[in-house]
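Remarks on the structure that follows.
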Amino acid sequence: MRIEQELKLGFKDVLFRPKRSTLKSRSQVNLTRDFTFKHSGRQWSGVPVIAANMDSVGSFDMAKALAEHGVMTAIHKHYSVEDWKGFIESNDASVLNNAMVSTGTSEDDFQKTKDIMAMSEDLIFICIDIANGYSEHLVDYVMKVREAFPDKVISAGNVVTGDMVEELILAGADIVKVGIGPGSVCTTRVKTGVGYPQLSAIIECGDAAHGLGGMIIGDGGCTCAGDVSKAFGGGADFVMLGGMLAGHEESGGERIEQDGKTFMKFYGMSSQSAMKKHSGGVAKYRAAEGKTVLIPFRGTVHDTINDILGGVRSTCTYVGAAKLKELTKRTTFIRVQEQENNVYGRE
């Protein structure tokens, strides 16, 4: 047993230090990134925010809506091949280029991924997603998928330390998904005692990935636009959002009426709700590691994504970053013990 003494930080522990800027307006900030991925050699241009592959967030409707903003959606893995066929036939390349095909690591998952990817050349992203990315099985599976899809962009995770980021990139991942336990409906940290504060995880993993020419997705822990900016400032190439994009018309969650108000069910993908829906219940050998909540219905996602992107643009103006690419180079974080004045509650 050993203890690392250095304090690890989450988004609540820091604020950006403002810097002189020549920017006159948020409208001058360019949030579009142009990426060329390490293994696939693919090029992609867009706003590197991703709707999470949860079945109450990462829906086909969400993908259509967010593509209008140049934003990506990781489609959840519980759609059938037939569902995908209908989605592909009804969409153009601008939507499909911004959609990630999510998959687990079983043989059935592999065959399903092959079936889906064969439907359109415009599908370029594969998201290999398991809760514990430290399994050697994941490394082997990444190698298998890379061999089958040499020209596709492969994301794999989740992990929170540099050593595993390096191993996944060397195995064939273009992007590594970073985050264990920070999500709003994730209970992994209390059920297992395992986790890593998200900002420190992003800083460590981003450094490891960039040294090998790979990239990372900061997955989880964002509660407001400022957190999204902090993830980018810490070195995330992409930021994945779950709870911030849940509860909308396009989210795909179940609507519930209570006391004349409309709510939507939102739950973690390792929760009892998710496992009951997709696996027939929680297996006897494991515990549920997610919770189920009702969140007020929030209407269309277009207003929310505009608000998030507007906040990131504003961050950039405060530190003098004309492009999102420049944000991490312009970032100095200061340690704080308070974030905001909550005397009248939070908006």
Inset, instruction - Could you grab the distance from atom NE2 of His76 to atom OG of Ser102, nearest 0.5 Å is fine? - result: 9.0 Å
Legend entry - Residue pair Leu31 / Arg313, side-chain heavy-atom distance below 4.5 Å: yes
Inset, instruction - Using a cut-off of 6.0 Å, state whether more than 12 heavy atoms not belonging to Lys323 lie near its atom NZ. - result: no
Inset, instruction - List the steps, then state whether ring pair (Phe, Tyr, Trp, His ring centres under 6.0 Å) holds for Tyr79 with Phe60. - result: CA-CA 9 Å; Tyr79 283 118; Phe60 288 145; 3.8 Å; yes
Inset, instruction - Applying side-chain contact (heavy atoms from CB on, under 4.5 Å) between Val165 and each of Val160, Leu212, Val176, Asp207, report the one that passes. - result: Val176
Inset, instruction - Please answer: with hydrophobic residues joined when any side-chain heavy atoms are less than 4.5 Å apart, are Leu15 and Val239 in the same cluster? - result: no
Inset, instruction - Decide yes or no on side-chain contact (heavy atoms from CB on, under 4.5 Å) for Lys64 and Asn91, but give the supporting numbers first. - result: CA-CA 8 Å; Lys64 294 174 187 175; Asn91 281 287; 3.5 Å; yes
Inset, instruction - Taking all heavy atoms of Thr292 and all of Lys265, pick out the closest pair and write down the distance. - result: CG2-CG, 3.6 Å
Inset, instruction - Run the salt-bridge test on Glu249 and Arg255 with the 4.0 Å N-O cut-off and return the result as yes or no. - result: no
Legend entry - Nearest non-hydrogen partners of Leu241 and Val228, listed with the distance: CD2-CG2, 3.9 Å
Inset, instruction - Would you kindly say whether Thr105 and His137 are connected by a side-chain donor-acceptor distance under 3.5 Å? - result: yes
Legend entry - Shortest non-hydrogen contact between Ile75 and Asn53, atoms and distance: O-CB, 3.9 Å
Legend entry - Heavy-atom closest pair, residues Ser56 and Phe266: OG-CD1, 3.2 Å
Legend entry - Taking every non-hydrogen atom, the tightest pair across Pro182 and Gly179: CD-C, 3.9 Å
Inset, instruction - Output yes when Asp109 and Lys77 qualify as a salt bridge under the 4.0 Å nitrogen-oxygen rule, no when they do not. - result: no
Inset, instruction - Kindly give the heavy-atom pair with the smallest separation between Arg335 and Val14, and that separation in Å. - result: CD-CG1, 4.4 Å
Inset, instruction - Could you pull out all residues at least two apart from Phe110 that satisfy ring pair (Phe, Tyr, Trp, His ring centres under 6.0 Å)? - result: none
Inset, instruction - Could you tell me whether Arg17 sits above the aromatic face of Phe333, with NZ or CZ closer than 6.0 angstrom to the six-membered ring centre and within 45 degrees of the axis? - result: no
Legend entry - Ser155 vs Met100 side-chain heavy atoms within contact, under 4.5 Å: yes
Inset, instruction - Kindly check if the number of other-residue, nucleotide or ligand heavy atoms within 6.0 Å of NZ (Lys8) is above 12? - result: yes
Inset, instruction - For residues 219-228, pull every pair meeting side chain to side chain donor-acceptor pair (under 3.5 Å), keeping only residues two or more places apart or in separate chains. - result: Asn158-Asp219, Lys177-Asp219, Thr223-Asp227
